[in-house]
Amino acid sequence: MAFSVIVFAGAAQFAAVGYVATGLAWPAIILLTALLNARHLLYSAALAPWLSGVPVGRRAMMAHVLTDESFALTMSHFRRLRRPDERGYWIAAIGAVFIPWNLATLAGVALGAQIPEPARFGIDVIFPAAMIGLAVGLITGRRELVAAIVGAGVGVVAALMASPAVGIVTGGVVGPLVGLLVPARDARETAPLGTVASAERFSVPGAHFDDDDPR
Amino acid sequence: MTNDLVVLAVLMFAVTYPTRALGLLAPGLDRMPKIVVDYLQLVGPAVLAALAAVSVMVIVGDDDVPSFHVGIEWVAVFVSLAIVARRGNLLLGLIAAVAIVAITRAAGLAALPV
């Protein structure tokens, strides 16, 4: 339960629970957590222009509940409104993600111990299946696909040569390096540059947008 | 949960919170070098895929020596992967994976994990 409240990061929690159970050393678990959650840097940097008017103390609290899901919900909400909405952020991050996540964790804590011999029911396969499912959600192009495949392959080889922890960290570091070698596709510009639609899409919110402007 | 695991949770928080807060609190982080942004975007898929592959393909025996493992878990994870990629539904993928493993183990067609 403490993991869900204090860490509040699904993939890292899954990983930590799985590896605590197998006796993996804490430094490896913490390093994996840092690697897994490094992507949050991108989310917070992308949200920064929208939330620059929010007092620093509240932004510091907002950071704790920034997840894949709350980022996706918030950005689509802000874009729909064409302006930032602090209350909308809290509703998305706490109402739609934090509270349900912790209620579900509580249910798992209460009911999980009632299951005798979980392996008989295939519970052990949830971890790898969840990890690969979450990876699929992050694969948006060839670079991500190559990084994932190389990460998996290098991870397995390194794990066989050293240990599972070394394998996972090695795969997580080497996979992206190989992925960077794949040429990135240029972003598709659906709104012609120089138009209001283009400015709205690529600029800080409200900077170039005028409600009276005909489209 | 033991106190030890609460300490682990706090340590995990200590490496997670800065990644969430830096962009919101430090001005200019949205202007990171492109190569850094690109690398960060690739870390998530690579780590998650490595976690899944190592979990399914590598087992550590009583002698602490890792060895290659082939089992029904491969099929279950592949089916789950296909469902998530095609339908975008993680819960459905997890249910399918668990069902495959549970049924084959109950039928005696697959062994319980070591």
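Atoms considered below: every heavy atom in the structure, side chains included; atoms not considered: hydrogens, waters and symmetry mates. For clarity, every value in this text was computed on a predicted model and none was experimentally measured. We name chains A, B, ... by the order of the sequence lines, and we start the count at 1 in each one.
- In terms of heavy-atom pairs under 4.5 Å with chain B, the best-connected choice from A/Gly179, A/Gly122, A/Ala34, A/Gly137 is A/Gly122.
- For the pair A/Arg143 (side chain) and A/Leu180 (backbone), a donor-acceptor distance under 3.5 Å is present.
- Residues B/Leu5 and B/Leu8 form a side-chain contact, since some pair of their non-hydrogen atoms from C-beta on lies under 4.5 Å apart.
- Heavy atoms of A/Val173 lying under 4.5 Å from chain B belong to its backbone as well as its side chain.
- Below 30°, between 30° and 60°, or above 60°: for A/Phe8 and A/His64 the angle between ring planes is between 30° and 60°, a tilted geometry.
- When each of B/Val47, B/Val10, B/Ile83, B/Val65 is scored by its heavy-atom pairs under 4.5 Å with chain A, the top score falls to B/Val47.
- At least one donor-acceptor pair under 3.5 Å links the side chain of B/Tyr17 to the backbone N or O of A/Ala60.
- Using a 4.5 Å cut-off between heavy atoms, A/Tyr43 makes no contact with chain B at all.
- Contacts between B/Thr19 and chain A at a heavy-atom distance below 4.5 Å involve backbone atoms as well as side-chain atoms.
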Worked check of side chain to side chain contact (heavy atoms under 4.5 Å, CB included) between A/Gln13 and A/Thr33: CA-CA 8 Å; A/Gln13 283 180 237; A/Thr33 303; over 6 Å; no
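- A side-chain donor-acceptor contact under 3.5 Å links A/Ser44 to the backbone of B/Gly23.
- Counting heavy-atom pairs closer than 4.5 Å to chain A, the top residue among B/Met12, B/Glu73, B/Met57 is B/Met12.
- Inter-residue side-chain proximity for B/Tyr39 and A/Leu177 is flagged as met; some heavy-atom pair is nearer than 4.5 Å.
- Heavy atoms closer than 4.5 Å to chain B are found in the side chain of A/Ile29, but not in its backbone.
- The part of A/Leu51 that comes within reach of chain B is its side chain, from C-beta onward, which places non-hydrogen atoms under 4.5 angstrom from that chain.
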Side chain to side chain contact (heavy atoms under 4.5 Å, CB included) evaluation trace for A/Trp90 with A/Met61: CA-CA 10 Å; A/Trp90 290 117; A/Met61 286 190 282; 3.9 Å; yes
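- The distance from the OG atom of B/Ser55 to the CD1 atom of A/Ile126 is 13.0 Å, given to the nearest 0.5 Å.
- Comparing A/Met161, A/Arg120, A/His40, A/Arg59 by how many heavy-atom pairs each has under 4.5 Å with chain B, the most go to A/His40.
- For chain B, the nearby part of A/Val20 is the side chain; its heavy atoms alone come within less than 4.5 Å.
- The candidate from B/Val101, B/Val77, B/Val54 with the greatest count of non-hydrogen atom pairs under 4.5 Å with chain A is B/Val54.
- A/Val65 is not listed as a side-chain neighbour of A/Trp101, based on a closest heavy-atom distance of 4.5 Å or more.
- Proximity to chain A involves both the backbone and the side chain of B/Ala85, based on heavy atoms less than 4.5 angstrom apart.
- If you tally non-hydrogen atom pairs under 4.5 Å between each of B/Thr104, B/Ile35, B/Asn89, B/Asp38 and chain A, the highest count goes to B/Asp38.
- Between chain B and the residues A/Val136, A/Val125, A/Thr170, the most heavy-atom pairs under 4.5 angstrom are made by A/Val125.
- Both the backbone and the side chain of A/Val7 come within contact range of chain B, each with at least one heavy atom under 4.5 Å from a heavy atom of that chain.
- Both the backbone and the side chain of B/Leu51 come within less than 4.5 Å of a heavy atom in chain A.
- Among A/Gly175, A/Gly155, A/Gly172, A/Ser163, the residue making the largest number of heavy-atom pairs under 4.5 Å with chain B is A/Gly172.
- Two residues are said to be in side-chain contact when any heavy atoms from C-beta on lie closer than 4.5 Å; B/Ile72 and B/Leu109 fail this criterion.
- Most heavy-atom pairs under 4.5 Å with chain A: of the set B/Ala53, B/Pro66, B/Ser67, B/Ala96, this distinction falls to B/Pro66.
- Of the listed residues A/Ala130, A/Ala152, A/Ala9, the one with more heavy-atom pairs under 4.5 angstrom with chain B than any other is A/Ala152.
- Judged by distance alone, with hydrogens and angles left aside, the side-chain atoms of A/Thr74 form no donor-acceptor pair with the main-chain N or O of A/Phe71 at under 3.5 Å.
- Looking at A/Ala162, only its backbone comes within 4.5 Å of chain B, counting heavy atoms on both sides.
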